[in-house]
Number of protein chains: 2
Amino acid sequence: MQQHTETEENYLKAIYHLSNVTISSVNTSSIATSMSTTSASVTDMLKKLADKELINYEKYKGVKITRKGEKVALNIIRKHRLWEVFLTKVLKFEWDEVHTMAEELEHVSSDELIKRLEAYLDFPKFDPHGDPIPDQTGKLEINDQMSLSSGDAGVKYTITGVGEHSSAFLKHLAKYGLKPGITVSIAEIMEFDKSMLVKVNKEKFHLSLEVSKNILVKKYGII
Amino acid sequence: MQQHTETEENYLKAIYHLSNVTISSVNTSSIATSMSTTSASVTDMLKKLADKELINYEKYKGVKITRKGEKVALNIIRKHRLWEVFLTKVLKFEWDEVHTMAEELEHVSSDELIKRLEAYLDFPKFDPHGDPIPDQTGKLEINDQMSLSSGDAGVKYTITGVGEHSSAFLKHLAKYGLKPGITVSIAEIMEFDKSMLVKVNKEKFHLSLEVSKNILVKKYGII
DNA sequence: TTTTATTTTTAGATTTGTCTAAAATAATAT
DNA sequence: ATATTATTTTAGACAAATCTAAAAATAAAA
């Protein structure tokens with residue numbers, strides 16, 4: 001069933017993620033950056049993935065993921081996110097600690113294992129970072145969230161996710177106790193730099209635009 | 001901490017297991033057989049493991065695992081067996097289904113993950129096949145069990161483990177409902193071929209010597 | 001529309017783990 | 001004790017994934 005190497009799976013995952021950020025096709029160098037490797041290595045791999053019909057690849061023209069490739073990518077993402085839920089909910093890891101472990105666990109091949117894990121976790125729809133978990137067929141619920149940076153002063157919001165997944169960013173949020181599920185209200189928005197003062201459980205602190213941009217929320221009460 | 005490849009880990013595990021069966025040093029061809037590969041490949045790997053001081057290797061003289069190599073092997077075995085407990089106890093897999101999945105899971109590197117898993121499972125001392133689970137330092141409880149084949153007619157025994165782990169053998173036992181925890185009494189031992197008639201919950205059936213040899217038991221009541 | 005700069009691809013090496021076939025060593029049998 | 005057989009190691013090759021450096025193609029600027 002899963003006739004792909006771990007490396008191929010990782011490339012597909014990266015291409016899938018980049019496809020959701022890029023308008024047209026994904027270019028070689030952006031894949032190289034996101035995989036921390038060289039463009040030459042990426043080109044080699046693109047040929048291999050194209051041979052397997054997981055991507056459409058035209059020399060010098062970049063890459064588009066195929067339906068088939070997308071299904072493979074979504075299955076890896078499904079595993080990754082379910083393992084993240086397991087690690088936080090069952091083994092009580094913090095949400096900013098689980099990514100690396102899930103990167104290894106996502107390549108464990110058994111689909112039956114992941115089906116049972118999903119049932120054991122009671123069919124969660126989102127991972128600890130608020131990202132949706134694809135079902136077996138690759139379908140995923142879209143969480144219609146907005147960026148905290150586009151919120152209004154005086155309004156209460158519930159954090160539903162993050163727009164950036166780097167360990168540095170997550171640990172920064174963790175320091176303030178900010179994570180999905182937490183309620184924040186915007187106390188004041190500074191005109192000159194769009195930074196904001198927010199209130200969380202009586203505590204107030206300052207968030208730069210860079211940070212508030214990457215905090216995803218819904219209006220409080222609307223779930 | 002774990003600077004070894006998955007392949008190196010698998011070789012070490014195989015060598016460790018063979019060391020427990022062999023009197024003196026482990027020879028190349030037995031490793032090749034147990035790894036389903038060629039002697040040439042084994043020789044190549046032995047050099048690499050010797051360079052890392054995980055084994056003592058003398059050309060043409062076979063191999064002895066070092067203290068350091070044993071620690072690595074025991075850590076893999078620890079992970080393997082804890083994951084097997086997780087798969088059976090938590091995800092409700094049958095004891096004869098979990099080996100292959102555990103072979104993948106055992107290479108997930110995080111020691112913290114396995115520590116938490118162990119605690120979550122309430123520090124099990126044996127895996128679903130009755131094999132002891134090493135602790136963090138590599139120590140393991142020895143289960144002083146005997147082979148059912150050396151049992152006496154008219155006596156009741158509790159199954160504690162198996163002496164052979166092939167899927168074929170485990171599925172054969174599963175068919176009769178035989179697995180660790182089950183109580184069997186020996187109804188009769190046939191003189192001519194040492195086969196035996198056993199009783200399990202009112203049902204009687206016949207076990208060949210080949211099978212009874214590989215069923216490990218304790219006298220009923222003695223745990 | 002040339003020239004320049006950037007991006008992408010090729011060419012050729014390297015590393016890991018594997019293989020087959022041949023050579024070297026050890027074990028066994030006469 | 002020597003010949004035969006079996007085991008183990010070497011030699012040389014290959015596939016996967018990577019790299020650096022150079023060539024080719026595309027995009028941007030003059």
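The model shown is predicted, which means the values in this text are computed figures rather than measured ones. Chain A is the first sequence line, chain B the second, and so forth, proteins listed ahead of strands; every chain is numbered from 1.
Atom NE2 of H4(A) and atom P of dA16(D) are 14 Å apart (whole Å). Following rounding to the nearest Å, L49(A) (CG) and dA16(D) (C1') show an atom-to-atom distance of 13 Å. Distance M45(A) CE to dT8(C) C1': 17 Å, rounded to the nearest Å. Between the P atom of dT16(C) and the CG atom of L46(B) lies a distance of 16 Å, rounded to the nearest Å. Atom NZ in K47(A) sits about 14 Å away from atom C1' in dT18(D), given to the nearest Å. Distance E58(A) CD to dT9(C) P: 11 Å, rounded to the nearest Å. dT15(C) atom P lies 19 Å from atom CD of Q3(B), rounded to whole Å. For I31(B) and dT7(D), the CD1 to C1' distance is 13 Å, given to the nearest whole Å.
At the heavy-atom level, S29(B) lies under 4.0 Å from the strands shown only through sugar-phosphate atoms. Within the 4.0 angstrom heavy-atom criterion, base atoms lie near D44(A). Residue contacts shown for K61(A) are absent, as no nucleic acid heavy atom lies under 4.0 Å away. Nucleic acid contact for T43(B): base, since at least one base atom lies under 4.0 Å from a heavy atom of the residue. Using a 4.0 Å heavy-atom distance criterion, T7(B) is classed as a sugar-phosphate-only contact.
The minimum heavy-atom distance between G130(B) and P180(B), with the atom names listed, is N-CG, 4.1 Å.
Within the 4.0 Å cut-off from OP1 or OP2 of dT10(C), at least one side-chain nitrogen or oxygen of K59(A) is found. Applying the 4.0 Å criterion to OP1 and OP2 of dA16(D), one finds that Y11(A) has every side-chain N and O outside that range. Contact between the side-chain N/O atoms of N27(A) and the OP1/OP2 oxygens of dT8(C) is found at a separation under 4.0 Å. Between S39(A) and dT9(C) there is no side-chain polar atom (N or O) within less than 4.0 angstrom of OP1 or OP2. Side-chain nitrogen and oxygen atoms of Y60(A) include none within less than 4.0 Å of the OP1 or OP2 phosphate oxygen of dT10(C). Within the structure, every side-chain polar atom (N or O) of T5(A) is placed at least 4.0 Å from both OP1 and OP2 of dA16(D). The side chain of T38(B) contributes an N or O atom lying less than 4.0 Å from OP1 or OP2 of dC19(C).
A salt bridge between R67(B) and E70(B) is present, with a side-chain N of the basic residue lying under 4.0 Å from a carboxylate O of the acidic one. A salt bridge links R116(A) with E112(A): at least one charged nitrogen is closer than 4.0 Å to a carboxylate oxygen.
Comparing dT18(D), dT8(D), dC19(C) by their nearest atom to the side chain of A40(B) picks out dC19(C).
Annotation: K64(B), atom NZ; neighbour count of heavy atoms from other residues, nucleotides and ligands within 6.0 Å does not exceed 12.
Judged purely by distance below 3.5 Å, without hydrogens or angles, the side chains of S150(A) and S147(A) never pair a donor atom with an acceptor atom. Side-chain contact, S195(A) with H206(A): a donor N or O sits under 3.5 Å from an acceptor N or O.
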